[in-house]
Each structure stands twice: as structure tokens, then as C-alpha cells.
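Notes for the one structure printed next.
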Amino acid sequence: MKPEQIGCSPGYTFAHYGLDSTLERFLWSLDRLGSMGYRNFGLEILEPVHTCIYRTPGAIEQLGERSRAAGVALNHFTIWHCTTNLHSVDPERRRLGVRQFTEGCEIARDLGIPLVTVGSDWPPEWVSSYRGEYEHAPAAEFFVASPAEYSDVWNGYVDAMRRCLETAAQRGVKLGVEPRANSLLATSDSFLRLWDAVRSDNLYCVLDAMHAVYHRENLPAAIKKLGPRLVTLQISGTDGASLNHLPLAPGDPVTTSAVRALEEIGFPGTVDVEMYGMPAVEVDECYRQAREILEHT
């Protein structure tokens with residue numbers, strides 16, 4: 001695939017430093033990724049405290065300057081800390097999620113980033129335990145309180161997403177939503193159910209290959225179903241049994257079939273490498289190899 005379509009999610013910084021995000025570490029990531037040949041990188045607010053990274057005087061300017069110097073475009077901004085709140089049973093928590101999302105959109109606008117992304121989750125009030133593969137992984141044991149309450153949660157979530165779409169449009173950015181395992185949006189079909197409800201040309205899907213394979217979703221079929229609504233494909237090695245973002249291997253059939261499907265639909269977006277969980281000393285080599293594998297697939 002084309003080198004300019006290969007990117008890297010904020011998972012690169014997470015792979016090195018976990019939840020300990022700082023401005024200096026994002027700047028460092030831009031330098032390292034540029035030296036490895038990456039052309040695109042995403043920033044994020046992983047937890048509420050990380051909002052202050054972008055409010056530090058001069059931070060926006062430093063990130064822009066380093067991005068240009070490294071030859072790595074800042075192409076998406078993940079507003080992760082609002083995710084659980086947007087899916088809550090509690091209307092006040094959903095309103096908080098929209099406010100957090102709005103602040104994230106303003107940061108993305110200030111950075112000149114055209115795409116903001118959020119994940120999906122299960123209503124936290126209906127979760128008994130969470131999976132342990134990584135921080136902020138989706139639910140492991142969960143339930144539905146009742147059919148009527150599920151309908152209320154879905155409608156509340158759709159309403160919250162409508163408000164998020166309004167605030168994104170007002171700030172000149174697109175919104176991408178990532179389906180995740182064991183979440184309200186878990187597959188491409190559930191994303192399309194959301195799109196059917198809101199019918200917004202500003203709503204797109206961020207498809208994570210690992211979550212799709214975990215749910216036994218046919219990845220090429222999902223790509224073709226999403227078509228123009230697909231904005232980003234996140235790629236990693238997968239085992240189908242866990243939520244581990246594993247290193248890519250040459251000739252990986254999931255990756256190969258996905259890239260072929262992207263070519264068939266004339267996909268104009270990016271394929272973002274997202275891998276973590278390996279020892280820190282192995283991270284850079286895994287990312288370097290992944291970029292080369294994608295470029296020659």
C-alpha cells in the first residue's frame with residue numbers, strides 16, 4: 001500500500017509509557033516515528049488529566065513544529081476520556097461526556113487536526129468486570145438490566161452522539177467512532193445502526209482489526225459494507241481469542257485480505273498500526289517491521 005496511507009495510532013506512545021502521557025513523550029514519539037518512515041500519527045486524551053498537556057502554554061505550537069520537522073502529519077485526535085460517560089445509563093454522565101468531547105474538539109481544531117475519534121463501550125452501570133489485556137479495555141462480564149432499559153440506553157447514546165456531531169461540525173472536524181468488543185457498538189453492523197439513526201455525513205467508522213476478528217467478523221466484508229463511511233483501519237496482529245494487539249507478521253492473512261479489500265473500494269484514508277503489550281525494548285522494531293510489511297502488502 002502507499003506509504004502516505006500508513007499511520008500510527010497513539011498506541012505507540014502507550015506501548016512505551018502506558019498511561020503516563022506527557023507533551024515531551026508525544027514530541028519524542030513524533031521524532032522516533034519520523035525516523036522509522038511513518039507519515040501519520042494521532043494524539044489523544046486518554047484520561048481527563050491529559051487534557052492539560054494541550055493547555056500548557058506553547059504546547060500546540062511545539063507539536064505543530066515537531067510534526068513538520070519530523071515529516072509526520074497529525075491526522076487524528078482521540079478523545080478517549082469521554083467514552084465511558086457517553087455510554088452511561090445516567091443522563092448527567094452523558095452530558096459530561098459531551099462536554100469532555102467538546103473540549104477535545106476545540107483542542108483538535110487548535111492543532112489543525114481534521115478528525116476526532118472516540119471508542120465504544122458498554123454502559124458502566126451494567127459491567128461486572130473489565131478485560132485485563134490493557135488499560136481501559138472493554139467489558140469482560142456484563143449484562144442488560146431489561147429490554148426497556150436497553151432501549152433507553154441506546155436512545156440516550158444516539159442523542160449524545162447527535163450532540164457530539166453538532167459540536168464537531170461547529171469546530172470543523174469529522175467524527176470517527178471505533179466499535180470495540182463487548183460494547184454497545186461491537187461490529188461494523190452496529191456502527192451502521194448508529195449511522196442509520198443519525199444519518200450524518202460527518203460520522204465515520206474507525207475499524208480495529210483485532211476487535212473485528214475477536215467477534216468473528218469477516219474483515220474484508222466489513223470494509224466493503226462500510227465503504228465511504230470507513231475513515232481509518234487500525235491494524236495489529238490478532239489471535240481471535242484475546243484483545244491483545246500483537247506484532248504483525250509477514251504474510252499475515254488478516255492484514256493481506258484487509259489491504260486487498262481497501263484497494264477494491266478505493267480507500268483514501270489511513271491504516272494505523274496499533275500494537276502494545278510487548279516489552280518496551282521491542283516496541284520500535286515491531287513498529288518498524290509493521291510499516292515495512294504494510295508498504296509491501
Side-chain angles (χ1 to χ4, degrees), residues 9-10 42-51 53-55 74-127 136 138-139 150-180 183-208 211 226 228-232 234 269-270 272:
S9 85
L43 300 173
E44 71 178 346
I45 300 172
L46 187 54
E47 296 193 321
V49 68
H50 297 145
T51 303
I53 293 172
Y54 308 96
R55 296 311 190 195
L74 298 174
N75 69 331
H76 67 281
F77 189 72
T78 300
I79 312 171
W80 194 264
H81 67 313
C82 69
T83 294
T84 301
N85 289 330
L86 290 173
H87 293 76
S88 175
V89 170
D90 180 6
E92 184 52 44
R93 282 194 67 175
R94 294 198 298 271
R95 285 191 284 270
L96 171 60
V98 173
R99 291 196 296 272
Q100 292 172 320
F101 176 82
T102 299
E103 184 173 24
C105 285
E106 291 169 351
I107 293 170
R109 177 200 59 199
D110 294 345
L111 285 162
I113 296 177
L115 172 69
V116 295
T117 68
V118 296
S120 190
D121 215 339
W122 194 250
E125 298 86 356
W126 295 352
V127 176
H136 300 300
Y150 175 82
S151 180
D152 288 343
V153 163
W154 174 258
N155 290 333
Y157 171 71
V158 169
D159 180 65
M161 294 309 294
R162 285 196 180 102
R163 285 181 283 157
C164 287
L165 283 160
E166 289 172 4
T167 196
Q170 290 166 0
R171 287 153 182 83
V173 294
K174 299 181 291 187
L175 171 56
V177 181
E178 178 190 344
R180 295 201 305 160
S183 297
L184 206 58
L185 303 187
T187 65
S188 59
D189 286 336
S190 51
F191 168 83
L192 290 170
R193 181 189 180 200
L194 172 64
W195 191 82
D196 281 339
V198 300
R199 289 285 170 170
S200 170
D201 288 339
N202 208 38
L203 177 65
Y204 295 86
C205 183
V206 177
L207 187 63
D208 187 313
H211 288 287
L226 291 167
R229 302 263 54 87
L230 180 64
V231 69
T232 303
Q234 293 181 342
T270 59
D272 280 352

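At a threshold of 4.5 Å between non-hydrogen side-chain atoms, the residues Cys164 and Val98 count as touching. With a 4.5 Å cut-off on side-chain heavy atoms, Glu103 and Arg55 count as touching. Counting only heavy atoms from C-beta outward, the side chains of Trp80 and Val118 never approach each other to under 4.5 Å. By the 4.5 Å heavy-atom criterion applied to side chains, Tyr54 and Leu43 are counted as neighbours. Using a 4.5 Å heavy-atom cutoff, the side chains of Asp272 and Val206 are not in contact. Glu178 places a side-chain heavy atom less than 4.5 Å from the side chain of Gln234. Under the 4.5 Å side-chain criterion, counting only non-hydrogen atoms from C-beta, Val198 is in contact with Leu165. Counting heavy atoms from C-beta outward, Tyr204 and Thr232 have side chains that stay 4.5 Å or more apart.
Distance alone, capped at 3.5 Å, is enough to place a donor-acceptor pair between the Asn202 side chain and the Val173 backbone. Between the side chain of Arg94 and the backbone N or O of His87, no donor-acceptor pair lies under 3.5 Å. A donor-acceptor pair under 3.5 Å links the side-chain atoms of Asn155 to the main chain of Ser151, judged by distance alone. Looking only at distances, a side-chain donor or acceptor of Arg180 sits under 3.5 Å from a matching main-chain atom of Ser120. Side chain of Arg162 to backbone of Tyr157: no donor-acceptor contact under 3.5 angstrom is found.
Here the shortest heavy-atom pairing between Arg93 and Pro124 reads NH1-CG, 3.6 Å. Between Cys105 and Ala168, the shortest heavy-atom contact is SG-CA, 4.0 Å. Considering all non-hydrogen atoms of both residues, Ser183 and Pro138 come closest at OG-CB, 3.9 Å. Among all heavy-atom pairs drawn from Phe77 and Ala108, the shortest one is CB-CB, 4.0 Å. In this structure, Val89 and Glu125 approach most closely via the heavy-atom pair N-OE1, 3.1 Å.
Between Trp126 atom CH2 and Ser88 atom OG the span is 10.0 Å, to the nearest 0.5 Å. Going from atom CG of Leu184 over to atom CE of Met161 covers 10.5 Å, rounded to the nearest 0.5 Å. Separating the CG atom in Leu230 from the CZ atom in Phe191 is a distance of 9.0 Å, to the nearest 0.5 Å. Taking CZ of Arg109 as the start and CD1 of Ile113 as the end, the distance is 12.5 Å to the nearest 0.5 Å. We find the CD1-OG1 distance between Ile45 and Thr78 to be 9.5 Å, quoted to the nearest 0.5 Å. Asn85 CG to Leu96 CG: the interatomic distance, rounded to the nearest 0.5 Å, is 4.5 Å.
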Pair Gln100-Ile79, side-chain contact (heavy atoms from CB on, under 4.5 Å): steps then yes or no: CA-CA 8 Å; Gln100 292 172 320; Ile79 312 171; 5.5 Å; no
CA sep, side-chain torsions, deciding dist, call: Thr117, Glu44, side-chain contact (heavy atoms from CB on, under 4.5 Å): CA-CA 9 Å; Thr117 68; Glu44 71 178 346; over 6 Å; no
Ile107/Val116 under side-chain contact (heavy atoms from CB on, under 4.5 Å): CA gap, chis, key distance, verdict: CA-CA 10 Å; Ile107 293 170; Val116 295; over 6 Å; no
Side chain to side chain donor-acceptor pair (under 3.5 Å) between Thr83 and Asp121, worked out: CA-CA 7 Å; Thr83 294; Asp121 215 339; over 6 Å; no
His136/Leu46 under side-chain contact (heavy atoms from CB on, under 4.5 Å): CA gap, chis, key distance, verdict: CA-CA 9 Å; His136 300 300; Leu46 187 54; 4.0 Å; yes
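The pair Arg163-Glu166 fails the salt-bridge criterion, with no side-chain N (NZ, NE, NH1 or NH2) lying under 4.0 Å from an Asp/Glu carboxylate O.
Residues Thr167 and Arg171 bring a donor and an acceptor atom of their side chains to less than 3.5 Å of each other.
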